[in-house]
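Letters go in sequence order (proteins before strands), and every chain restarts at 1.
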Amino acid sequence: MALSRLSSRSTTLLQPLATTSLLRRRHISTDTTPITVETSLPFTSHLISPPSRAVETSSQELISFFRDMALMRRMEIAADSLYKAKLIRGFCHLYDGQEAVAIGMEAAITKRDAIITSYRDHCTFLGRGGGLFEAFSELMGRTTGCSKGKGGSMHFYKKDASFYGGHGIVGAQAPLGCGLAFAQKYSKEEAVTFTLYGDGAANQGQLFEALNIAALWDLPAVLVCENNHYGMGTAEWRSAKSPAYFKRGDYVPGLKVDGMDALAVKQACKFAKEHALKNGPIILEMDTYRYHGHSMSDPGSTYRTRDEISGVRQVRDPIDRVRKLIIAHDIATEKELKDMEKEVRKEVDAAVAQAKESPIPEPSELFSNIYVKGFGAESFGADRKELRATLP
Amino acid sequence: MSAIIHGAGAATALSTFNSKKLVARSRTNLPGRSKRCIVAAGSDDGSKSFGSSSLSLRHSHKLIANNAVATKADTSATTGHELLLFEALQEGLEEEMDRDPHVCVMGEDVGHYGGSYKVTKGLADKFGDLRVLDTPICENAFTGMGIGAAMTDLRPVIEGMNMGFLLLAFNQISNNCGMLHYTSGGQFTIPVVIRGPGGVGRQLGAEHSQRLESYFQSIPGIQMVACSTPYNAKGLMKAAIRSENPVILFEHVLLYNLKEKIPDEEYICNLEEAEMVRPGEHITILTYSRMRYHVMQAAKTLVNKGYDPEVIDIRSLKPFDLYTIGNSVKKTHRVLIVEECMRTGGIGASLTAAINENFHDYLDAPVMCLSSQDVPTPYAGTLEEWTVVQPAQIVTAVEQLCQ
């Protein structure tokens with residue numbers, strides 16, 4: 001039965017893996033034989049020769065891509081409902097549609113390479129190993145959150161996985177990222193820093209300042225512009241004279257990548273890491289798209305048509321692309337993938353339920369972690385009491 | 001009110017109560033300086049006790065070891081070496097860079113040029129280009145880079161060529177430097193030191209004579225200190241580098257050439273502590289940075305007129321050392337704040353509020369605050385003089401308060 005299904009579904013892509021059994025459930029997650037897939041679009045480059053379009057992957061990796069992206073998608077949708085239920089307040093910037101960037105990047109690097117991004121950080125946090133429960137707790141302002149409930153949606157951090165956040169001010173993470181790269185060079189760590197910013201931040205002066213220093217001092221910095229074509233409500237063509245963000249580094253080489261193709265992202269990031277370790281900074285422009293508005297307070301339809309959004313969803317959706325690849329290479333069946341999505345949904349729901357039960361921070365938490373207790377640490381308190389108090 | 005003590009060189013008097021307190025406090029700073037100093041006894045009920053044995057006199061030398069009166073050259077028996085304030089800063093920085101390889105310096109012209117005020121002279125040759133970094137002129141970016149580097153293990157010392165330039169980096173200092181420790185739930189510490197000269201110089205013009213203490217003081221999560229003598233400059237620099245919190249160290253353009261003898265052995269000043277410059281009885285004068293010298297100049301006149309001012313260099317601008325200040329207010333019951341900061345929303349304004357809130361019952365007169373005028377500093381010499389507080393104004397204010 002399975003074999004007949006196979007033959008009816010073969011596509012123009014490379015030969016499917018040899019199937020040996022008639023078992024409905026294959027051992028899909030442990031197969032690491034390399035499969036080579038071509039990226040959907042060629043890379044466009046500036047001042048550098050682009051990497052090859054042929055990406056090496058494996059069934060294990062493709063399945064993990066699918067699962068992780070489905071998890072991220074589900075998490076963002078759950079965050080959407082939580083926001084509408086007023087359990088998440090303030091600003092909530094969702095990443096659905098852009099998952100391939102986070103996933104592809106993780107596949108190319110190690111936990112010692114640093115990532116720093118802006119406020120659209122939920123999925124990047126997850127990609128770096130953050131837990132669903134911590135993410136939802138932080139979004140709902142509970143003590144079990146990754147920043148103890150004091151950061152919120154825009155301030156997710158995970159130090160042990162070298163994830164440096166999580167920044168609310170547009171573009172402010174660019175100099176921070178170059179500082180991280182500087183520290184990596186200083187300590188001779190053989191690691192790189194991926195500094196992510198958006199097309200809106202690409203017009204910030206501090207980005208060019210940081211780029212200049214990074215190029216001058218040969219820092220291992222990879223600047224990644226996640227170009228989702230809209231800076232909140234302003235389209236790319238209305239805010240940038242030159243929307244070729246990968247070329248705007250001028251003397252710094254750049255690469256334009258289809259950001260909806262996780263494998264292309266993986267290839268580009270691998271290439272960029274090698275380049276940055278040897279030759280200094282490089283810019284990657286990820287051509288991607290976000291389905292939600294800029295944040296939950298933005299419907300996302302006043303500056304673009306619904307047809308555009310659904311068009312991208314039908315043609316370029318990253319999860320569908322990986323799904324088609326998996327099915328074409330016969331790594332799993334459609335039903336198995338659907339089952340996986342259902343599992344993921346249950347996982348997310350469980351995490352949400354658990355997070356809803358978590359405690360809110362104590363009032364004393366208001367004053368903790370403002371200062372670090374350190375050398376000569378007796379002081380007189382931020383609240384200026386007369387008595388000596390030790391810094392919390 | 002307690003009786004007036006005439007003359008600066010009067011008999012050294014101790015009350016046992018005061019001595020205990022002073023002993024306890026001096027242990028927090030390393031000893032090593034002895035200064036000619038006056039300790040005026042004054043318990044609150046106005047009576048005095050004179051401890052007159054030679055033993056207690058020797059005790060008094062050690063007690064007031066850390067009371068610096070930098071205007072007087074001291075005849076110290078201990079060894080030390082004399083240097084200028086910028087050299088003291090350089091010594092502190094060099095010692096810390098030797099001690100910890102994670103300390104690095106970044107700023108404009110700090111490397112090959114040696115620093116615009118020579119604070120980093122010679123360091124680039126000694127430590128190399130990776131530890132003493134010449135940055136291009138982009139304060140926002142290099143301050144941000146310093147903070148990013150501090151999020152991992154480095155301890156950068158960021159120099160603003162003039163504190164006024166740091167306004168360009170305000171976003172980084174406020175949002176990232178001050179707040180990251182809090183918003184990350186304690187995951188990241190930012191052990192940076194941001195330093196640079198500020199204050200009104202000699203006809204440098206409005207944009208180069210800014211006092212940024214008032215702008216930075218509300219940022220949660222940072223500490224601010226102002227140095228005023230070579231001794232505390234070196235001590236505060238070292239303490240700031242070793243502190244796990246971000247510290248902004250305010251230096252003053254006109255104080256870089258002050259000469260003083262400082263100890264040979266290693267010492268560190270407490271970041272949160274104020275310095276008792278001249279103990280007194282009639283009125284507490286709180287000051288910091290360059291105004292300390294204007295106050296001490298006025299103090300000479302005041303002493304000749306029969307007043308006994310207690311002068312405290314608050315040093316720590318955030319948080320305030322309300323312990324030392326409080327004890328002083330409880331003793332003298334009158335406060336005058338002399339500062340170079342702007343009047344509106346300045347350090348003096350915050351200090352006035354803090355003193356009124358905490359020590360209202362002990363005050364016999366309203367807290368008076370002398371600050372520089374709320375104007376852009378003019379270029380013309382005479383106008384510039386009138387912008388900042390002059391000793392004559394301090395004398396008048398004290399007389400007014402002590403009526």
- Message: Are there over 12 heavy-atom neighbours, none belonging to A:Phe91, within less than 6.0 Å of that residue's CZ?
- Response: no
- Is there a donor-acceptor contact under 3.5 Å from the side chain of B:Glu244 to the main chain of A:Val372? no
- Task: Could you give me the CA-CA distance, side-chain angles and deciding distance for A:Leu176 and B:Gln172, then say whether side-chain contact (heavy atoms from CB on, under 4.5 Å) is met?
- Result: CA-CA 9 Å; A:Leu176 288 181; B:Gln172 298 289 345; 4.2 Å; yes
- Message: I'd like to check B:Pro136 versus A:Ile213 (side-chain heavy atoms, cut-off strictly below 4.5 Å). Are they in contact?
- Response: yes
- Pair A:Phe182-B:Leu133, side-chain contact (heavy atoms from CB on, under 4.5 Å): steps then yes or no: CA-CA 11 Å; A:Phe182 170 70; B:Leu133 301 144; 3.1 Å; yes
- A:Ile116, part contacting chain B, at a heavy-atom distance under 4.5 Å: neither
- Task: Give me the ring orientation class for A:Tyr157 and B:Phe188: parallel if the planes are under 30° apart, tilted from 30 to 60°, perpendicular past 60°.
- Result: perpendicular
- Task: Tell me, yes or no, whether the heavy-atom count around B:Ile137 atom CD1, taken from other residues, nucleotides or ligands under 6.0 Å, exceeds 12.
- Result: no
- A:Leu216 CG: over 12 foreign heavy atoms closer than 6.0 Å: yes
- Task: Heavy atoms only, distances under 4.5 angstrom: which of B:Pro191, B:Ser184, B:Pro156 has the most pairs with chain A? Name it, please.
- Result: B:Ser184
- Query: Among B:Ala149, B:Ala150, B:Ser316, who wins on heavy-atom pairs under 4.5 Å with chain A?
  - Reply: B:Ala149
- Heavy-atom proximity to chain B below 4.5 Å, by part of A:Leu211: neither
- Message: Return the CD1 to CG distance between A:Ile169 and B:Asn175, rounded to the nearest 0.5 Å.
- Response: 4.5 Å
- Message: For A:Leu207, which atoms come within 4.5 Å of any heavy atom of chain B: side chain, backbone, both, or neither?
- Response: neither
- Task: Before giving the answer on side-chain contact (heavy atoms from CB on, under 4.5 Å), spell out for B:Asp129 and A:Trp217 the whole-Å C-alpha distance, their side-chain angles and the decisive distance to 0.1 Å.
- Result: CA-CA 10 Å; B:Asp129 275 342; A:Trp217 294 348; over 6 Å; no
- What part of A:Leu180 lies closer than 4.5 angstrom to a heavy atom of chain B: side chain, backbone, both or neither? both
- Message: Looking at every heavy atom in both B:Tyr182 and A:Glu365, which two are closest together, and how far apart are they?
- Response: OH-O, 4.2 Å
- Message: Using heavy-atom distances under 4.5 Å, tell me whether B:Leu154 contacts chain A through its side chain, its backbone, both, or neither.
- Response: side chain
- Item | Side chain / backbone / both / neither for B:Ile222 at chain A, heavy atoms under 4.5 Å | backbone
- Query: Side chain, backbone, both or neither: which part of B:Met179 has a non-hydrogen atom closer than 4.5 Å to chain A?
  - Reply: neither
- Task: Search all heavy atoms of B:Ala141 against all heavy atoms of A:Ala210 and return the closest pair with its distance.
- Result: CB-N, 3.9 Å
- Query: Among A:Lys148, A:Gln173, A:Met154, which has the most heavy-atom pairs under 4.5 Å with chain B?
  - Reply: A:Lys148
- Which atom names give the shortest non-hydrogen contact between B:His181 and A:Asn369, and what distance separates them? CD2-O, 3.0 Å
- Query: Side-chain contact, heavy-atom cut-off 4.5 Å: B:Gln187 with A:Asp160?
  - Reply: no
- chain B heavy atoms under 4.5 Å from A:Gln184: which part of the residue, side chain, backbone, both or neither? neither
- Task: Report the distance from atom OG1 of B:Thr183 to atom CD of A:Glu138, rounding to the nearest 0.5 Å.
- Result: 9.0 Å
- What residue, out of B:Pro220, B:Pro246, B:Cys138, has the most heavy-atom pairs lying under 4.5 Å from chain A? B:Cys138
- Tell me, with the steps shown, if B:Phe142 and A:Glu209 meet side-chain contact (heavy atoms from CB on, under 4.5 Å). CA-CA 8 Å; B:Phe142 71 74; A:Glu209 293 177 13; over 6 Å; no
- Query: When heavy-atom pairs shorter than 4.5 Å are enumerated against chain A, which of B:Thr189, B:Asn176, B:Ile147 gives the highest number?
  - Reply: B:Asn176
